[in-house]
Enquirer: 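Below you will find the structure I want to go over with you.
Letters A, B, ... mirror the listed sequences (proteins, then strands); counts begin at 1.
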Protein chains: 2
Amino acid sequence: MQLYSKHSKHLLAVDCIIFGYDLLEKDIKLLLIRRNFEPAKGKWSLAGGFVKKDESLDEAACRILCDLTGLKNIYMKQLYSYGDLERDPGARVISVAYSALIKIKDIDKDLAISNGAHWQSLNRLPKLIFDHSSMVERALKDLTVQARIKPVGFELLPSKFTLVQLLDLYSAIYRKQIDKRNFRKKILSMDILEKLDEKEKETSKKGAYYYRFIKSRYNKFIKNGFYFNLDVG
Amino acid sequence: MQLYSKHSKHLLAVDCIIFGYDLLEKDIKLLLIRRNFEPAKGKWSLAGGFVKKDESLDEAACRILCDLTGLKNIYMKQLYSYGDLERDPGARVISVAYSALIKIKDIDKDLAISNGAHWQSLNRLPKLIFDHSSMVERALKDLTVQARIKPVGFELLPSKFTLVQLLDLYSAIYRKQIDKRNFRKKILSMDILEKLDEKEKETSKKGAYYYRFIKSRYNKFIKNGFYFNLDVG
DNA sequence: TCATTAAATGTAAAAAATACACTATTTATT
DNA sequence: AATAAATAGTGTATTTTTTACATTTAATGA
C-alpha cells in the first residue's frame, strides 16, 4: 500500500478494566494481572495486549478478555485512548482502554489463574503500572454515571437477584447509603423486574424474593421514550 | 528499542469535530474540509491528520486545529477511537476523534479558507468520507449531554451575550423550544452570570442586556458541591 | 411460644419542574 | 406629539418528583 506511506506507525494496545461484583463481600472488584514480561515484570497491571494487524479495536478487546477468562460475547465499552509519549517506558505505545462488567462466577477460574489474574477489591487496589490507575479511575467514573442512566448493574449480578442485593450493589457503586424504601419504590415503578416465586434464604430467616431483569421489556420501554434513571439519596 | 518489537505497528490519525455557533442564523455549524489528497480527494471530510512519532494524541489534535484555524489553547475533548479494518480505503488507519467548541469569529479566516475549510450548518451537512458521519453523530450526542451538565455553551458564544442568545443556542443544541421564563429563572438562579450595563441593540428596539459567564465563580461553586444542570422543557 | 433476624411496606412534607400571558422599553412612523 | 411595532423582561399557581422516616411481617431456632 503506497498511500500514507510517509507517515509514522505506532504500537497500539488495548487495556481492559474488568469489573466484577462480590455478592458476599458487597464489594466491586477488578480483575488484575501480575505482568509476566518486561518492562515492569511482576507488577500489577490491567489485562492488556497489542492490537494485531487484522483485528479491530473492539475485536482486540474481546480477544484479550476471552483469552484471560474464557468469556465470549461480553459487551466491552471503549472508554478512552491514552497516547502520552512516556506512558510506557518500554516503547511508545498508544493504548485504548475498554471496560467490561462481568459476573465473577462466569469466568474460567483455572484459565484466569494460569494467566496470573486475580480479583482485587476496589477499596484496596495495589499500585498499577504505567497509567493504568488513571484508566481505572476513568472507568469507575464512567460506571457510576452509566449505572444511573442505564441498567448496567444487572450485568454484575447473577440473573436471579434479590432487591437487597441490587441495593447493596448500587450502594457499592455510588459509595453511599441508599434509602431502602425509596430505592425499592423507584426500581419497581420502572416495571422492568419480574418477581419470582423463589426466595433467597442464605442471608435471612424470612428470605428475600428473587427478581429477574426483563431486558425485552426494558427495550420496549426505551423505544417509547422511557429513560432509566436511578438517582437515589 | 527491542521491547515489543514483534508486534504490529499502525497508522494513527486524529479527526476533529469543530463546532461553531452562528448567532444570526441561530444555527450550529461544523468546520469541514474539502479533502485535497487521495483517497477521496475532493470529498467533504473532518479536519484530520496523522499522529507523529513524537507527539501525544492531544498534541496532534491541537496541532491540527491550529494549522487549520490559527487557534491555540482551545480545549479539545477526546471522544472515541475508530479502529475498524476497512474504515479508510487507503490503508488501515486507526483514528481518534476529538471535538472542539470555538467561536466562529476567532478563527483565522484566510488560513482556514486556504486549507479548504468551510462552515456547514448541522441541518444540512454534506455526505462525509469514511466513518466521519458517525464521528459527527457521536460528537453531537456528547455535546447535548455535556451542555446539560457543564457550562460548555459559553465556549460557543462571544464573551458578552444576551440571555436571548443563550436561549437560542440551547434551543439549537437540544433541537427543541425552551420556555423563556423558566430558562432565565434557571440560569440566573445559578448565579454564574454577570449582568453588564451594556445592551445589545441590533435585534430589537428595546435592546437586551449583555451578560458574561464568570468562570471563576462557577469553579468556586463546583468545589462546594454545586452541579450545573440545565434540563429544560 | 418466644426471641431473633432481616425483608417488606406507605405516607406526609419539601423541593423541583412545568405551564402560562401580560407589561416594559425603545425606535420609527405619521 | 401620539401611536404603532417589535422584542425584552417578568411572577405565580399547579403538578410532579424527591426525600425523610418507623413499623409490621415471615421464618427459624432456642
Enquirer: Consider the side chain of D179(A), meaning its heavy atoms from C-beta on, and name the nucleotide among dC21(D), dA26(D), dA8(C) that approaches it most closely.
Expert: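 Out of dC21(D), dA26(D), dA8(C), the nucleotide with an atom closest to D179(A)'s side chain is dC21(D).
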Enquirer: Test K160(A) against every option in E194(A), E198(A), E200(A) by the side chain to side chain donor-acceptor pair (under 3.5 Å) rule and name the one that passes.
Expert: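 Passing option: E198(A).
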Enquirer: Is it the case that the base of dA20(D) and the side chain of N182(A) share a donor-acceptor contact (distance under 3.5 Å, atom types as modelled)?
Expert: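 Yes, the side chain and the base share a sub-3.5 Å donor-acceptor pair.
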Enquirer: Separation of R184(B) atom CZ from dA17(C) atom P, in whole Å?
Expert: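 The distance from CZ of R184(B) to P of dA17(C) comes to 19 Å, rounded to the nearest Å.
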Enquirer: Between C62(B) and I74(B), what is the shortest heavy-atom contact and its length?
Expert: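 Closest approach of C62(B) to I74(B): SG-O, 4.3 Å.
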Enquirer: Taking all non-hydrogen atoms of both residues, which atom of Q165(A) and which atom of Y21(A) are closest, and how far apart?
Expert: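 Smallest heavy-atom distance, with atoms named: O-OH, 4.2 Å.
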Enquirer: Y82(B) and side chain to side chain donor-acceptor pair (under 3.5 Å): which partner among R138(B), R87(B), H132(B)?
Expert: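 So, applying the side chain to side chain donor-acceptor pair (under 3.5 Å) to Y82(B) and each of R138(B), R87(B), H132(B), only R138(B) qualifies.
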Enquirer: Which is true for T162(A) with a 4.0 Å heavy-atom rule: it touches a base, it touches only sugar-phosphate, or it touches nothing?
Expert: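 Result for T162(A) = nothing.
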Enquirer: Can you find a donor-acceptor pair, distance only, under 3.5 Å between K205(A) side chain and dT4(C) base?
Expert: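 Looking at the base of dT4(C), it does pair with a donor or acceptor on the side chain of K205(A) (distance under 3.5 Å).
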Enquirer: Rounded to the nearest Å, what distance is computed from the CZ atom of residue F183(A) to the P atom of nucleotide dG10(C)?
Expert: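 That distance rounds to 18 Å.
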Enquirer: In whole Å, what is the span from the CG atom of D231(A) to the C1' atom of dA17(C)?
Expert: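 Distance check: D231(A) CG to dA17(C) C1' gives 15 Å.
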Enquirer: Does any donor-acceptor pair link the side chain of K206(A) with the base of dA7(C) at a separation under 3.5 Å?
Expert: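 Per atom types, the contact qualifies.
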Enquirer: Within the pair K199(A) and dA27(D), is there a side-chain N or O less than 4.0 Å away from OP1 or OP2?
Expert: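 So the side-chain polar atoms of K199(A) do come within 4.0 Å of the phosphate oxygens OP1 or OP2 of dA27(D), strictly under.
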Enquirer: To the nearest angstrom, how far is L196(B) atom CG from dA8(D) atom P?
Expert: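 So the CG-P distance, L196(B) to dA8(D), works out to 16 Å.
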Enquirer: Given dC20(C), dA8(D), dA17(C), which nucleotide is nearest the side-chain atoms of A208(B)?
Expert: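 From the listed options, dA8(D) comes nearest.
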Enquirer: Tell me the interatomic distance from L188(B), atom CG, to dT10(D), atom P, rounded to whole angstroms.
Expert: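 These atoms are roughly 8 Å apart.
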Enquirer: Does K185(B) get its side chain close enough to the base of dT18(C), under 3.5 Å, for a donor-acceptor pair?
Expert: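 Side chain to base: pair present.
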Enquirer: Taking only N and O in the side chain of K201(B), is any of them less than 4.0 Å away from OP1 or OP2 of dT27(C)?
Expert: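 For dT27(C), OP1 or OP2 has a side-chain N or O of K201(B) closer than 4.0 Å.
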Enquirer: Quick check: any donor-acceptor pair below 3.5 Å linking the side-chain of R181(A) to the base of dA22(D)?
Expert: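 Per atom types, the contact qualifies.
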Enquirer: Taking for each residue the nucleotide of DNA chain D bearing the nearest heavy atom, is the 5' side occupied by G207(B) or by K186(A)?
Expert: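 Closer to the 5' end of DNA chain D: G207(B).
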Enquirer: Rounded to the nearest Å, what distance is computed from the OH atom of residue Y209(B) to the C1' atom of nucleotide dG9(D)?
Expert: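 Interatomic distance, OH of Y209(B) to C1' of dG9(D): 11 Å.
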Enquirer: Rounding to a whole Å, what distance do you find between I187(A):CD1 and dA8(C):P?
Expert: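 Checked: the CD1 to P distance equals 14 Å.
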Enquirer: Mind checking K195(B) for me? I need base, sugar-phosphate or nothing, with any heavy atom below 4.0 Å counting as a touch.
Expert: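 Counting heavy atoms under 4.0 Å across all strands, no contact is made by K195(B).
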Enquirer: Whole Å only: how far is the CD1 atom of I178(B) from the C1' atom of dA17(C)?
Expert: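 One finds 14 Å between C1' of dA17(C) and CD1 of I178(B), rounded.
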Enquirer: Are F154(A) and F161(A) an aromatic pair, judged by ring center distance below 6.0 Å?
Expert: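 Yes.
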